[in-house]
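Take a look at the structure set out below.
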Amino acid sequence: GVADIGVTGLAVMGSNLARNFARHGHKVAVHNRTYARTERLVSEHGDEGTFVPSESVEDFVASLAKPRVALIMVKAGGPTDAVIDELAEYMEPGDIIVDGGNSHFPDTIRRERELKEKGLHFVGMGVSGGEEGALNGPSIMPGGTKESYDRLGPMLEAISAHVDGVPCATYVGTDGAGHFVKMVHNGIEYADMQLIAEAYDLLRQGLGASAAEIGKIFEEWNAGDLESFLIEISADVLQHTDPQTGQAFVDVVLDQAEQKGTGRWTVQNALDLGVPITGIAEATFARALSGSVPQREAARAALPGDAGTWDVTDRDAFIEDVRLALYASKVVAYSQGFDQIAAASAEYGWNIDRGAMARIWRGGCIIRARFLNRITEAYERQADLPLLLADPYFTEAVGNGVAAWRRVVSQAALNGVPTPAFASSLSYYDGIRAARLPAALIQAQRDFFGAHTYHRVDQEGVFHTLWSGDRSEEKQS
Ligand code: NBP
């Protein structure tokens, strides 16, 4: 075989990645279950580089230079398993199978284990940036053996997005680490989107501003600390007019948010690991609430609001308050996401470099933002930082906005505007920094009804009070 790398699955993502590899001077073997797609790619884009098309999986594998690298870009789940099995049939020990789809990381762990028995390397690779990114430079999060990265890494780094000359691709960790990090990336994306949506709603209801006016405000924000792809596209969307009705486009879109499930996976995993990712969870539930159609109808008809009429007097001060509250809530959401990565890294033995993850998210992906530089710097200052929020830069940045944050969340509550992500992030902030939490009462309740025991603040050991007896205290160990 002659090809440096092969891509099988030539729908939009696979074709664009294949073209990206070819444009970087790699010989790319291409294959798709339905051959017409392969033919179309070669006829439409064959002039962009060297493609080696094959009709059968056997020929596709044979067209690859050893050790072979085959990248799978098909639908996640059953189709990915089917393609892995086919490839494995023709591959030899030392060859590398890469799954660039949105696979759930436990599947990746299982597949890696199965393929290792055959002597094959399996790389579960998160790819972010959609079709545009795949073609012009995505953010790439590969997991697997170090050995496979030695072969694959330089090609991935070449085709990835670059920020300040630094590639947005790096080795993440063994087996499921890459897909795990991609999952958390998507969870953070949910939180980021929800926070921006809440900021929009606050400005709209507080100021009575038009969608287009808020688009302009977002444009201004995009010149500062909040600069990010998501703020930029939100500014654009809000200023778009629906050609059919002449109304603001955002007003003609049905207000029921859908999801493909990566936010849900992130929250499910956080529950398993016991990591409070309240921002991501609220964002995921906010989508679910928006889609709870019968419940919303019943509630709209029955539930009183008893809210005030919102009358913001100092517009500029309010806009600045919302901006500060958005930034603080965003820092909380990211801090929580990085906590989850740290917990998973310890649980699954991945040894993930969190600063490097922030670095490869600076370009190519949906959450790309200026602010990720600050996260990389925080982990450079202290690699084992226990809480991103407690890094001196973020402590100051969030600290400056706390008063504004409280004003925004309380005003929203008084005026009946839902802010699940803003409010829960502020609660998290106050909870995590509290000297003392009411968890003490929870422990006492647990001991009362279930003899679950408790620790004391003033003595070592495990204690139980004989609640239904004479209420004396027993030291259990
Ligand atoms: P799709 O997810 O729509 O999958 C279509 C491809 O899967 C086609 O090539 C199709 O072949 C192939 N396929 C299917 Br379906 N079942 C198959 C089977 N049993 N055996 C062999 N091939 C099979 O494509 P996509 O939107 O390009 O996404 C590819 C992967 O990348 C997915 O896992 C996706 O989640 C992930 N991803 C997507 C994005 C994005 O923005 N779209 C971003 C990042 C990651 P056919 O032509 O013969 O039907």
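Whatever order the structure lists ligands and atoms in, that order sets their numbers, starting from 1. All heavy atoms count here, side chains included; hydrogens, waters and symmetry mates do not.
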Could you tell me whether [X] and [Y] have a side-chain N and a carboxylate O separated by less than 4.0 Å?
| X | Y | result |
| --- | --- | --- |
| E220 | K216 | no |
| D201 | R204 | no |
| D255 | R296 | yes |
| R68 | E92 | yes |
| E114 | R111 | no |
| R151 | D95 | no |

Please identify which atoms of ligand 1 are closer than 4.0 Å to at least one heavy atom of [X].
| X | value |
| --- | --- |
| L10 | 9 (O) |
| A76 | 33 (O) |
| G9 | 9 (O) |

Which residue owns the protein heavy atom closest to [atom], what's the atom, and how far is it?
| atom | answer |
| --- | --- |
| atom 47 (O) of ligand 1 | R37 NE, 2.5 Å |
| atom 9 (O) of ligand 1 | N32 OD1, 2.7 Å |
| atom 40 (C) of ligand 1 | M13 SD, 3.5 Å |
| atom 44 (C) of ligand 1 | V127 O, 3.2 Å |
| atom 4 (O) of ligand 1 | K75 N, 3.5 Å |
| atom 26 (O) of ligand 1 | V12 CG1, 3.9 Å |
| atom 35 (O) of ligand 1 | N102 CB, 3.3 Å |
| atom 48 (O) of ligand 1 | T34 OG1, 2.4 Å |

Counting only heavy atoms not in [X] (residues, nucleotides, ligands), do more than 12 fall under 6.0 Å from its [atom1]?
| X | atom1 | value |
| --- | --- | --- |
| Q295 | CD | yes |
| E147 | CD | no |
| F249 | CZ | no |

[atom]: which of [options] has the nearest heavy atom?
| atom | options | answer |
| --- | --- | --- |
| atom 6 (C) of ligand 1 | S103, P138, G14, A11 | A11 |
| atom 29 (C) of ligand 1 | H31, E131, M73, R33 | M73 |
| atom 41 (O) of ligand 1 | A134, G130, S15 | G130 |

Check this for me - ligand 1, V74, N or O atoms closer than 3.5 angstrom, yes or no?
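Yes, at least one N or O pair falls under 3.5 Å.
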With heavy atoms under 4.0 Å as the rule, classify the contact between V83 and ligand 1 as side chain, backbone, both or neither.
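The part of V83 near ligand 1 is the side chain, not the backbone.
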Starting from the C-alpha separation in whole Å, work towards a yes-or-no answer on salt bridge (Lys or Arg N to Asp or Glu O under 4.0 Å) for R359 and D164.
CA-CA 11 Å; R359 192 173 70 236; D164 304 331; over 6 Å; no
